[in-house]
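Structure first, then comments.
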Amino acid sequence: MGGYFGSYAVVALLMAIGVAVFAGGLLVNRLLRPDRPTPDKLTTYECGVDPVGEGWAQSQVRYYVFTYLYVVFAVDAVFLFPWATVFAAPGFGMATLVEMFVFLAFIGIGILYAWRKRVLAWT
């Protein structure tokens, strides 16, 4: 296949093959697995504790705050790895160093703000 649309046809063909392999694996799994549901298997399992009460429970907001902080640090780590590779390249040293300290200052100000508002206290 040549030409402009030939490249897209190859990509579409490879994508279709990938979807077919994935769907085929799921289908074979469904056909070969044992299926013997019992009442014990159909009950809700919660960390080894028998389920008691209704299914709705209110979550405290501090869990979401810690999740957001994790996402901030994950983004920070994702930004640090490429920065470390570019920092060693000639001609990028001082500019990338200043950019990273500005970025880390914003992160630090956010954490300082959360600490001053006592968001990071677990109790």
Side-chain angles (χ1 to χ4, degrees):
M1 290 189 177
Y4 180 75
F5 291 110
S7 302
Y8 289 111
V10 170
V11 170
L13 178 67
L14 288 176
M15 189 175 293
I17 290 171
V19 168
V21 167
F22 181 75
L26 288 177
L27 180 67
V28 168
N29 182 26
R30 182 173 289 257
L31 294 174
L32 295 179
R33 72 178 180 192
D35 189 22
R36 294 186 228 35
T38 62
D40 289 333
K41 288 182 181 179
L42 297 176
T43 60
T44 305
Y45 181 75
E46 185 72 34
C47 299
V49 179
D50 291 331
V52 178
E54 55 187 66
W56 185 84
Q58 187 174 4
S59 295
Q60 296 185 9
V61 80
R62 66 177 167 219
Y63 297 121
Y64 296 110
V65 171
F66 281 101
T67 303
Y68 290 141
L69 287 175
Y70 170 75
V71 169
V72 165
F73 283 112
V75 168
D76 185 25
V78 166
F79 188 63
L80 281 174
F81 288 119
W83 172 80
T85 59
V86 171
F87 182 71
F92 288 106
M94 187 54 74
T96 56
L97 186 66
V98 170
E99 288 175 2
M100 184 50 63
F101 277 118
V102 168
F103 178 72
L104 292 176
F106 278 120
I107 298 288
I109 289 169
I111 290 175
L112 182 65
Y113 175 78
W115 179 64
R116 295 287 305 250
K117 291 287 188 178
R118 301 200 187 276
V119 173
L120 301 178
W122 188 253
T123 58

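Computed from a prediction, not measured in an experiment: that's the story for all the values here. In this chain, numbering begins with 1 at the start of the sequence shown. Heavy-atom basis, side chains included; hydrogens, waters and symmetry copies ignored.
Counting heavy atoms of neighbouring residues, nucleotides and ligands inside a 6.0 Å radius, atom CZ of Arg30 does not exceed 12 of them.
Placement of Val98 and Ile107 within a single hydrophobic cluster is found when ILVMFWY residues are connected by side-chain heavy-atom separations under 4.5 Å, directly or transitively. The hydrophobic cluster containing Val75 does not contain Leu69, counting ILVMFWY residues as joined when their side-chain heavy atoms lie under 4.5 angstrom apart, directly or transitively.
Atom CG of Leu32 is separated from atom CG of Leu27 by 9.0 Å, given to the nearest 0.5 angstrom. The line from CZ of Phe81 to CG of Asp76 is 10.0 Å long, rounded to the nearest 0.5 Å.
Among residues two or more places apart in sequence or in another chain, the ring-ring contact (aromatic ring centres under 6.0 Å, His included) test is passed with Phe73 by none. Listed by chain and number, the residues in a ring-ring contact (aromatic ring centres under 6.0 Å, His included) with Phe79 are Phe103 (sequence neighbours excluded).
Met100 places a side-chain heavy atom less than 4.5 Å from the side chain of Leu80. With a 4.5 Å cut-off on side-chain heavy atoms, Val19 and Phe22 do not count as touching.
For the residue pair Arg36 and Lys41, the shortest heavy atom distance occurs at O-NZ, 3.3 Å.
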